[in-house]
Amino acid sequence: VQLQASGGGLVQPGGSLRISCALSGWTLDDFVVGWFRQAPGKDREGVSCISRSNGYTAYLDSVKGRFTISRDNAKNTMYLHMHSLELEDTAVYYCAAGPPRRGGSLCFILQSEYNHWGQGTEVTVSS
């Protein structure tokens with residue numbers, strides 16, 4: 001299983017950006033998927049996840065209402081739509097995939113839940 005993140009870049013505060021992550025070597029439908037980020041000098045933190053089967057999602061409190069996670073199993077691709085970006089959103093964003101729990105109806109934004117990781121895409125919010 002390989003994950004390839006893309007779409008990062010420089011965006012002004014208040015702007016929007018969509019980052020993507022393509023999975024190869026397996027079927028995205030078999031996994032719970034999530035996004036994590038690591039800002040300079042800080043630990044990696046969970047941002048969002050989406051369940052395998054019923055569209056259940058979870059978000060870091062600071063991104064609720066601004067970020068939306070989605071998945072397109074037909075394209076083997078997951079997305080993170082980011083709006084109203086803030087300086088504090090600057091980070092390298094990593095996509096991850098892990099085995100489903102409880103029939104695939106839940107997800108958890110915990111690094112221990114994921115065993116496949118992408119290489120990261122850098123998002124810089126700056127004026």
Side-chain angles (χ1 to χ4, degrees):
V1 175
Q2 289 189 325
L3 294 165
Q4 181 72 42
S6 62
L10 175 64
V11 60
Q12 291 186 340
S16 298
L17 196 66
R18 187 188 77 169
I19 55 177
S20 305
C21 179
L23 183 145
S24 60
W26 210 261
T27 302
L28 187 68
D29 190 36
D30 287 340
F31 297 99
V32 170
V33 294
W35 287 97
F36 293 77
R37 68 185 182 186
Q38 186 166 19
K42 295 187 177 181
D43 294 334
R44 188 178 300 186
E45 64 178 354
V47 176
S48 183
C49 65
I50 184 167
S51 67
R52 174 190 177 195
S53 60
N54 63 348
Y56 172 88
T57 58
Y59 294 93
L60 179 68
D61 283 348
S62 64
V63 308
K64 285 180 180 177
R66 301 189 297 120
F67 289 13
T68 302
I69 189 172
S70 64
R71 60 192 296 163
D72 187 335
N73 291 336
K75 295 183 178 179
N76 252 23
T77 302
M78 57 188 283
Y79 305 95
L80 187 67
H81 307 257
M82 302 181 288
H83 302 286
S84 301
L85 282 161
E86 302 171 354
L87 297 177
E88 294 74 20
D89 296 318
T90 294
V92 177
Y93 285 72
Y94 298 90
C95 52
R101 310 287 190 194
R102 300 186 183 182
S105 62
L106 291 175
C107 68
F108 302 93
I109 321 173
L110 298 171
Q111 295 187 57
S112 58
E113 292 287 313
Y114 302 87
N115 53 0
H116 302 287
W117 291 84
Q119 87 291 357
T121 187
E122 188 167 4
V123 174
T124 302
V125 184
S126 175
S127 55

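Position 1 is the first residue of the sequence, and the numbers go up from there. We use all heavy atoms of the structure for the numbers below, so side chains are in, but hydrogens, waters and symmetry mates are not.
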Output for pair (Phe67 CZ, Ile19 CD1), nearest 0.5 Å, gives 8.0 Å
* Following the transitive rule for hydrophobic clusters with a side-chain heavy-atom cut-off under 4.5 Å over Ile, Leu, Val, Met, Phe, Trp and Tyr, establish whether Val32 and Leu106 coincide in one cluster. => no
The reported gap from CD1 in Ile109 to CD1 in Ile69 (rounded to nearest 0.5 angstrom) is 8.0 Å
CZ (Phe31) and CZ (Arg52) are apart, to the nearest 0.5 Å, by 9.5 Å
Here the pair of heavy atoms bringing Gly118 nearest to Tyr94 is O-CD2, 3.6 Å
Report task. Examine Val11 and Leu80 and state if one hydrophobic cluster contains both, with Ile, Leu, Val, Met, Phe, Trp and Tyr joined whenever side-chain heavy atoms are less than 4.5 Å apart. Result -> yes
Taken in chain and number order and not counting sequence neighbours, the residues that satisfy ring pair (Phe, Tyr, Trp, His ring centres under 6.0 Å) with Tyr114 are Phe36
The reported gap from NE2 in His81 to CG in Leu17 (rounded to nearest 0.5 angstrom) is 11.0 Å
With sequence neighbours left out, the residues meeting side-chain hydrogen bond (donor to acceptor under 3.5 Å, both in side chains) with Asn76 are none
Those residues at least two apart in sequence (or on a different chain) that pass side-chain hydrogen bond (donor to acceptor under 3.5 Å, both in side chains) with Ser51 are Asn54
query: Is there side-chain contact between Ser105 and Tyr56, with at least one heavy-atom pair below 4.5 Å?
result: no
So disulfide (SG to SG under 2.5 Å) across residues 92-127, not counting sequence neighbours, yields Cys21-Cys95, Cys49-Cys107
Do Trp26 and Leu3 sit in the same hydrophobic cluster, where Ile, Leu, Val, Met, Phe, Trp and Tyr count as joined when their side-chain heavy atoms come under 4.5 Å apart? yes
Residues passing the side-chain hydrogen bond (donor to acceptor under 3.5 Å, both in side chains) test with Gln111, sequence neighbours excluded, are none
Original post:
With a 4.5 Å heavy-atom cut-off, do Thr90 and Ser126 have their side chains touching?
Top reply: no
Q.
Is any side-chain heavy atom of Arg37 closer than 4.5 Å to one of Leu60?
A. yes
Handout entry: Flag, side chain of Ser127 to backbone of Gln12, donor-acceptor distance under 3.5 Å
Key = no
Any non-hydrogen side-chain atom of His116 less than 4.5 Å from a side-chain atom of Leu23? no
OG1 (Thr77) and CD (Gln4) are apart, to the nearest 0.5 Å, by 11.0 Å
| query | Do Val33 and Val123 belong to the same hydrophobic cluster, where Ile, Leu, Val, Met, Phe, Trp and Tyr are linked whenever their side-chain heavy atoms lie under 4.5 Å apart, directly or via other members? | reply | yes
**Prompt:** Is the number of heavy atoms from other residues, nucleotides or ligands under 6.0 Å of Glu86 CD greater than 12?
**Reply:** yes
Next item on the list: State whether Phe108 and Arg101 meet the cation-pi test: NZ (Lys) or CZ (Arg) under 6.0 Å from the six-membered ring centroid, and within 45° of the perpendicular axis.
Entry: no
d(Trp35 CH2, Met82 CE) to nearest 0.5 Å is 8.0 Å
Open item on the list: Do Leu87 and Val92 land in one hydrophobic cluster if side-chain heavy atoms of ILVMFWY residues count as linked below 4.5 Å?
Closed with: no
Sorted by chain and number, sequence neighbours left out, side-chain hydrogen bond (donor to acceptor under 3.5 Å, both in side chains) with Ser16 holds for His83
Between Leu28 and Met78, the two heavy atoms sitting closest are CD2-N, 4.3 Å
